[in-house]
Amino acid sequence: MDGNGRWAKAQRKLRIQGHREGAKNIRTLTTFASDLGIEILTLYAFSKENWSRPKAEVDLLMKLLKLYAIRERGLFMKNNVQMKVIGDLSQIPAFARKELDRTIELTSKNTGMILQLALNYGSRDEMVRATKKIAAEVAAGRLKPEEIDENRFADFLDTAHQPDPDLLIRTSGELRISNYLLWQCAYAEFYFTEKFWPEFTEKELMKAIEAYQKRERRFGGISSRKTMA
Ligand code: IPE
Ligand code: MG
């Protein structure tokens with residue numbers, strides 16, 4: 001979800017107003033995605049690198065996070081959405097974590113779409129944390145090194161037991177992945193748009209999905225049409 005700040009600047013507003021507008025857009029798109037039948041929607045809300053922003057902006061983002069967790073509960077229950085988080089939550093301030101935990105707990109029995117927020121998330125960090133967990137299992141004699149394969153490794157990531165993403169969307173015209181789901185996106189289709197996050201509407205999401213539907217995914221194989229020849 002990139003471009004809140006630039007959207008605000010273009011509107012002669014404060015950056016934080018861009019973040020507020022961005023949070024509103026999460027509500028719109030979560031409802032839409034859940035109506036479309038999307039199973040898992042993961043949103044990159046705060047990266048490990050975002051701490052380097054001015055303290056005032058970081059503080060406001062954490063407050064926004066807390067408010068978001070409180071405000072969206074009702075809607076999650078109404079839409080049968082299950083909220084989850086990935087990332088290293090230990091550094092998220094307790095006042096925000098408390099409300100996040102409450103919403104996660106409250107929605108944990110919902111069976112509809114999983115809305116997953118990546119918070120204090122970095123893909124390399126996630127892989128290092130996974131490796132530490134694996135090493136501890138090996139040291140404790142519960143796992144043999146030769147038992148570690150790709151599936152087993154993935155079980156130690158924050159996204160354990162989830163399917164890999166089919167489509168990765170980045171808004172605001174940046175053409176990079178910025179330490180996001182590096183392992184999981186090995187075969188994801190990428191979609192980049194110039195739209196800033198607050199203006200990435202339902203129509204824009206449909207455009208992304210339609211572009212995705214036209215792609216031919218071969219997963220390293222050859223065209224399915226050609227395999228018959
Ligand atoms: C993305 O918007 C949202 C967060 C990282 C919280 P930015 O804040 O990165 O907006 P730009 O990139 O400055 O426009
Ligand atoms: Mg940005």
Side-chain angles (χ1 to χ4, degrees), residues 1-33 40-72 76 83-101 103-104 115-126 158-159 165 167-182 184-185 188 190-205 207-208:
M1 301 185 289
D2 202 6
N4 290 351
R6 278 163 288 161
W7 177 87
K9 198 174 174 204
Q11 316 276 316
R12 297 173 184 278
K13 291 185 165 128
L14 298 169
R15 286 183 62 83
I16 190 62
Q17 290 175 294
H19 293 315
R20 286 211 185 92
E21 200 63 26
K24 258 201 250 167
N25 199 33
I26 298 181
R27 172 181 295 169
T28 311
L29 285 194
T30 300
T31 307
F32 186 61
I40 307 178
L41 176 65
T42 307
L43 299 172
Y44 206 174
F46 195 85
S47 77
K48 264 195 98 67
E49 289 74 28
N50 285 149
W51 296 107
S52 65
R53 294 183 177 205
K55 188 177 181 300
E57 180 170 343
V58 171
D59 288 351
L60 282 164
L61 280 170
M62 291 302 141
K63 274 191 199 136
L64 210 55
L65 189 57
K66 173 195 149 166
L67 288 176
Y68 176 80
I70 297 172
R71 278 194 199 136
E72 304 304 303
F76 291 158
M83 197 186 91
K84 289 191 173 188
V85 287
I86 57 171
D88 180 1
L89 273 285
S90 65
Q91 283 170 57
I92 300 291
F95 69 85
R97 226 168 56 212
K98 195 178 114 211
E99 299 302 339
L100 286 165
D101 286 346
T103 306
I104 291 166
L115 171 70
Q116 188 155 254
L117 300 180
L119 297 174
N120 189 28
Y121 178 85
S123 202
R124 289 180 172 183
D125 174 67
E126 180 191 31
D158 296 346
T159 52
L167 173 64
L168 175 122
I169 301 171
R170 182 165 188 159
T171 56
S172 88
E174 306 294 356
L175 304 179
R176 51 179 178 266
I177 187 165
S178 299
N179 205 11
Y180 191 52
L181 301 175
L182 300 180
Q184 296 87 337
C185 281
F190 284 36
Y191 180 86
F192 295 100
T193 168
E194 293 287 323
K195 296 277 179 200
F196 295 136
W197 172 252
E199 56 191 18
F200 187 74
T201 56
E202 289 136 314
K203 197 175 132 222
E204 294 299 323
L205 178 58
K207 274 207 299 212

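These numbers come from the heavy atoms of this one structure, side chains and all, not from hydrogens, waters or symmetry mates. Whatever order the structure lists them in is the order used to number ligands and atoms, beginning at 1.
Between Trp51 and Phe46, the ring planes are perpendicular. Angles over 60° get that label, and only those under 30° would be called parallel.
Near ligand 1, heavy-atom contacts under 4.0 Å come from Met1, Asp2, Gly3, Asn4, Gly5, Arg6, Arg15, His19, Ala45, Asn50, Arg53, Leu61.
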Arg170 vs Thr193, side-chain hydrogen bond (donor to acceptor under 3.5 Å, both in side chains): CA-CA, chis, key distance, verdict: CA-CA 7 Å; Arg170 182 165 188 159; Thr193 168; over 6 Å; no
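For Asn179 (side chain) and Arg124 (main-chain N/O), a donor-acceptor pair under 3.5 Å exists by modelled atom type. Using a distance-only test at 3.5 Å, with no hydrogens or angles considered, no donor-acceptor pair links the side chain of Asn120 to the main chain of Ile92. Side-chain N or O atoms of Asn50 include one that pairs as donor or acceptor with a backbone N or O of Ser47 at under 3.5 Å.
Between atom CZ of residue Phe192 and atom CG of residue Asp2 there is a gap of 11.0 Å, rounded to the nearest 0.5 Å. A distance of 5.0 Å separates CH2 of Trp197 from CG of Asn25, quoted to the nearest 0.5 Å.
Exactly one residue among Leu115, Ile86, Thr159 makes a side chain to side chain contact (heavy atoms under 4.5 Å, CB included) with Thr42. That residue is Ile86.
Counting only distances under 2.8 Å, and ignoring water, the protein N, O or S atoms around the Mg ion (ligand 2) are Asp2 OD1.
Salt-bridge check for Glu174 with Arg6: passed, with a basic side-chain N closer than 4.0 Å to an acidic carboxylate O.
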